[in-house]
Amino acid sequence: MYVAIEGLSILLYILAMYPFKQSSIESSIKYYSLGALSSGILLFSISLMYGITGAFDFFNIKTYFLFSFRGDQLILYLMVLSFIFSFLFKLSAFPGHMWAPDVYEGTWLPTTVFFMTVVKVSLYFFFIRFLVYFFYFVPIVYQDVLIISALGSLVIGCFGSLYQHGLKRLFAYGSISQVGFSLIGLLCNSLSGIISSLIFFTIYIIVSMGVFTILLNSESFYSGKNL
């Protein structure tokens with residue numbers, strides 16, 4: 001899991017450099033600098049999980065947490081918080097949202113589309129699967145974190161978008177707010193809430209792809225203007 005996520009991240013750092021202009025290279029460096037912090041936190045949570053369970057297999061880890069865990073609850077909470085924060089950064093949700101506007105603004109428009117659709121939906125679906133599979137039995141921990149993240153994403157995304165003058169930064173803040181809306185469904189700690197969150201996020205991705213398709217066609221039509 002860790003190798004797959006970080007392998008994807010490395011490719012995204014390189015992709016953000018294209019077309020190798022000053023703005024795109026700057027965006028890639030910002031993305032890499034903050035992404036290294038997120039990767040370290042994710043690795044820290046995995047090391048805590050292995051230290052508690054002594055296993056890397058998903059099934060054995062879940063079985064241990066359900067039936068055999070008698071350890072320190074503080075370590076368990078720290079592991080859950082570290083894991084959730086690392087994924088909140090990758091999803092550009094509060095408090096890991098600070099990279100999205102600058103990175104999206106400096107990257108090439110098709111790259112921005114790829115970041116906001118394909119990458120985000122794959123990471124979000126995996127985040128839900130991992131959250132439900134391992135931490136469904138400790139909703140008190142992740143619910144508190146997701147409440148803060150959802151409210152912070154809504155406030156920053158909605159109000160931050162009011163002061164933007166560029167399309168990419170506008171869509172970046174809109175993406176932050178939409179992630180906040182989708183996180184609300186996970187707070188219910190129920191199957192209906194998870195399904196609602198997935199449906200909302202899927203609709204958001206489809207609409208975003210439609211909007212960006214119009215922008216790409218407009219950019220090709222007005223060949224002298226770069227968005």
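Counting begins at 1 with the first residue of the sequence. Quick caveat: nothing in here was measured; it's all calculated off a predicted structure.
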Which pair of heavy atoms, one from [X] and one from [Y], lies closest together, and at what distance?
X: Ile176; Y: Ser153; answer: O-CB, 3.4 Å
X: Phe58; Y: Tyr133; answer: O-CE2, 3.5 Å
X: Pro101; Y: Met98; answer: CD-O, 3.8 Å
X: Gly174; Y: Ser177; answer: O-OG, 2.7 Å
X: Ser161; Y: Cys158; answer: OG-O, 2.8 Å
X: Met116; Y: Phe171; answer: CE-O, 3.4 Å

Which distance, rounded to the nearest 0.5 Å, do you find between the [atom1] of [X] and the [atom2] of [Y]?
X: Ile147; Y: Leu186; atom1: CD1; atom2: CG; answer: 11.5 Å
X: Gln143; Y: Ile148; atom1: CD; atom2: CD1; answer: 12.5 Å
X: Ile205; Y: Phe200; atom1: CD1; atom2: CZ; answer: 10.5 Å
X: Ile25; Y: Lys21; atom1: CD1; atom2: NZ; answer: 11.5 Å
X: Ser39; Y: Glu6; atom1: OG; atom2: CD; answer: 3.0 Å
X: Tyr124; Y: Ser182; atom1: OH; atom2: OG; answer: 3.5 Å

Margin query: Taking the ring centre of each residue, are Phe181 and Phe201 less than 6.0 Å apart?
Written below: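 No.
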Next item on the list: For residues Tyr173 and Tyr163, establish whether the separation of their ring centroids is below 6.0 Å.
Entry: no
Would you say [Y] ends up clustered with [X] if hydrophobic residues are merged whenever their side chains have heavy atoms under 4.5 Å apart, either directly or through other cluster members?
X: Leu37; Y: Leu78; value: no
X: Ile14; Y: Phe114; value: no
X: Val132; Y: Ile195; value: yes
X: Leu183; Y: Val80; value: yes
X: Ile29; Y: Tyr32; value: no

Next item on the list: Kindly indicate, with the supporting measurements, whether the criterion side-chain contact (heavy atoms from CB on, under 4.5 Å) is fulfilled by Ile184 and Leu154.
Entry: CA-CA 10 Å; Ile184 295 177; Leu154 291 175; 4.0 Å; yes
Is a side-chain N or O of [X] found less than 3.5 angstrom from the main chain of [Y], in a donor-acceptor match?
X: Ser197; Y: Ile194; result: no
X: Thr112; Y: Trp108; result: yes
X: Ser149; Y: Val145; result: no
X: Ser28; Y: Tyr13; result: yes

Notebook entry, point to check: Would you find more than 12 non-hydrogen atoms of other residues, nucleotides or ligands less than 6.0 Å from Phe159 atom CZ?
Noted result: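 No, because the 6.0 Å sphere around CZ of Phe159 holds 12 heavy atoms or fewer from other groups.
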Notebook entry, point to check: How about Phe127: does its CZ atom have over 12 heavy atoms from other parts shown lying under 6.0 Å from it?
Noted result: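 Yes - once you tally the heavy atoms of other residues, nucleotides and ligands closer than 6.0 Å, there are more than 12.
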Note to self: If you apply the rule side-chain contact (heavy atoms from CB on, under 4.5 Å), what do you find for Phe125 with Thr202, and how did you get there?
What the structure shows: CA-CA 10 Å; Phe125 277 46; Thr202 303; 3.7 Å; yes
Can you confirm whether [X] sits close enough to [Y] that some side-chain heavy atom of one is under 4.5 Å from a side-chain heavy atom of the other?
X: Tyr18; Y: Thr107; answer: no
X: Phe94; Y: Val155; answer: no
X: Val119; Y: Leu12; answer: yes
X: Phe130; Y: Met1; answer: yes
X: Leu131; Y: Leu146; answer: yes
X: Tyr104; Y: Phe115; answer: yes
X: Arg169; Y: Asp102; answer: yes

Next item on the list: List the steps, then state whether side-chain contact (heavy atoms from CB on, under 4.5 Å) holds for Asn60 with Thr53.
Entry: CA-CA 8 Å; Asn60 293 333; Thr53 63; over 6 Å; no
Check: What orientation do Phe56 and Tyr50 show, parallel under 30°, tilted 30 to 60°, or perpendicular over 60°?
Finding: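 Phe56 and Tyr50: parallel rings.
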Notebook entry, point to check: Which word best sums up how the rings of Tyr31 and Trp99 line up, parallel for under 30°, tilted for 30 to 60°, or perpendicular for over 60°?
Noted result: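 It falls in the parallel class, under 30°.
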Distance-only criterion, 3.5 Å: show the donor-acceptor pairs between side-chain atoms of residues 85-92 and protein atoms not counting sequence neighbours.
unit_1, atom_1, unit_2, atom_2, d
Ser86, OG, Ser82, O, 3.4
Ser86, OG, Phe83, O, 2.6
Ser92, OG, Lys120, NZ, 2.8

Next item on the list: Show the numbers, then the answer: is there a side-chain contact (heavy atoms from CB on, under 4.5 Å) between Tyr204 and Val179?
Entry: CA-CA 9 Å; Tyr204 157 68; Val179 173; 5.5 Å; no
Next item on the list: Look at Lys168 together with Glu105 and state whether they make a salt bridge at an N to O cut-off of under 4.0 Å.
Entry: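 Result for this pair is no, no salt bridge flagged.
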